[in-house]
Amino acid sequence: MKNNILLGTSNSGKLKEFRYYLKYFNIFPNYEIRTLTDFEYIGEPNENGRTFEENALLKSIFFNKKTNLTSLSDDSGFIVHGLKNYPGIKTAREARRLGGEKKVIDYIYSKLNKLSEIDATFICALAIKSNDEEIICSGKIDGKIINIKKGHRGFGYDPYFIPLKQYKTFAEMELNEKMMVSHRFNAFKNLSNQILSGN
Ligand code: ITT
């Protein structure tokens, strides 16, 4: 019987990218991929960690406990250097609180209206929890945010973020283009290296 890996996220944009990277880096090639929709509603972990890494780990521990399957989770978001690293681990919560991603961007612009460019860094922490091991790693990408929506691909803040040395937002890029430069690419690359080196 094949082993199973549960992709512990309810974000469909992340899920698509998880599948892409597992294949690209040949991680868990002989595992059957499971998602939360394969189960009756499991509930959600309380994301009360202090860092992206802590939150990724507590998500993967939660899903491993609930299903007994090896579980992969991600905690991600962006930080604005000029704004004490806002919104950070609250990136998703701030969009819910203010009424959408654009509202978060507008809020950031209202605070930093004197700057011609707003530097930001996207961060992705990944955690894997199985019954006998724990792996945590992360990746990031520097860039800038813009306050006009550009592009329609991807998810979340993709239309508002231009990586360094690029001229397109993540949402204007072809899927493969974003996949090769994003914070999540760097995190999966680190994950793949950790797995290859036996942690
Ligand atoms: P799960 O916890 O179920 O995985 P979530 O969407 O709640 O889903 P997070 O708490 O990690 O996940 O929040 C991540 C936030 O950062 C969320 O608002 C995303 O839209 C945003 N985000 C993360 N990666 C992104 C990417 O590659 N492109 C655009 N936005 C991204």
Side-chain angles (χ1 to χ4, degrees), residues 6-21 34-39 41-64 66-67 71-80 85-105 107-108 120-129 136-146 149-163 166 168-189:
L6 172 65
L7 308 185
T9 178
S10 45
N11 181 320
S12 58
K14 282 187 189 177
L15 197 60
K16 200 168 166 192
E17 298 194 358
F18 281 11
R19 289 183 188 280
Y20 182 100
Y21 291 125
R34 302 276 171 223
T35 65
L36 294 176
T37 54
D38 294 334
F39 296 85
Y41 183 63
I42 295 178
E44 280 176 14
N46 184 10
E47 294 182 31
N48 57 5
R50 283 161 306 169
T51 60
F52 289 107
E53 284 83 1
E54 279 181 20
N55 278 337
L57 184 61
L58 64 85
K59 289 183 204 185
S60 63
I61 290 174
F62 176 88
F63 292 118
N64 169 252
K66 292 279 182 182
T67 64
S71 300
L72 167 68
S73 286
D74 157 312
D75 198 61
S76 44
F78 68 101
I79 58 176
V80 175
N85 292 344
Y86 174 88
I89 57 170
K90 293 187 178 156
T91 301
R93 275 169 273 172
E94 283 296 274
R96 284 195 293 272
R97 184 177 76 86
L98 297 174
E101 285 84 7
K102 177 69 167 85
K103 290 273 172 20
V104 178
I105 301 294
Y107 172 76
I108 293 166
T121 299
F122 250 102
I123 298 171
C124 168
L126 295 173
I128 292 181
K129 177 75 180 83
I136 307 170
C137 57
S138 61
K140 61 181 187 166
I141 180 78
D142 294 324
K144 61 176 184 180
I145 55 166
I146 55 166
K149 187 172 180 171
K150 282 194 176 165
H152 55 270
R153 298 191 187 91
F155 67 98
Y157 295 85
D158 280 345
Y160 305 105
F161 184 78
I162 302 178
Q166 306 275 336
K168 287 191 265 190
T169 65
F170 274 155
E172 289 177 297
M173 295 179 180
E174 298 292 336
L175 177 72
N176 288 9
E177 255 181 296
K178 176 191 173 190
M179 290 300 138
M180 289 303 115
V181 294
S182 83
H183 47 311
R184 199 160 286 106
F185 172 83
N186 290 323
F188 269 94
K189 191 167 149 197

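We count ligands from 1, going down the list as the structure has it; atoms in each ligand are counted the same way. We count residues from 1, following the sequence as given.
In this structure Lys102 satisfies the salt bridge (Lys or Arg N to Asp or Glu O under 4.0 Å) test together with Asp106, sequence neighbours excluded. Take Asn64 and apply the side chain to side chain donor-acceptor pair (under 3.5 Å) test, not counting sequence neighbours, and it matches Asn131. Remark: Arg153 pairs with Glu174 by the salt bridge (Lys or Arg N to Asp or Glu O under 4.0 Å) rule, at least two apart or across chains.
Residues of the protein with a heavy atom under 4.0 Å from ligand 1 are Thr9, Ser10, Asn11, Lys14, Glu47, Lys59, Asp74, Asp75, Ser76, Gly77, Thr91, Ala92, Phe122, Phe155, Gly156, Tyr157, Asp158, Lys178, His183, Arg184, listed by chain and number.
The backbone N or O of Phe170 lies less than 3.5 Å from no partner atom in the side chain of Asp158, so there is not a single donor-acceptor pair.
Checked against the 6.0 Å centroid criterion, the rings of Phe161 and Phe78 do not qualify as a close aromatic pair.
In the model, Tyr107 has no side-chain atom that pairs as donor or acceptor with a side-chain atom of Glu94 under 3.5 Å.
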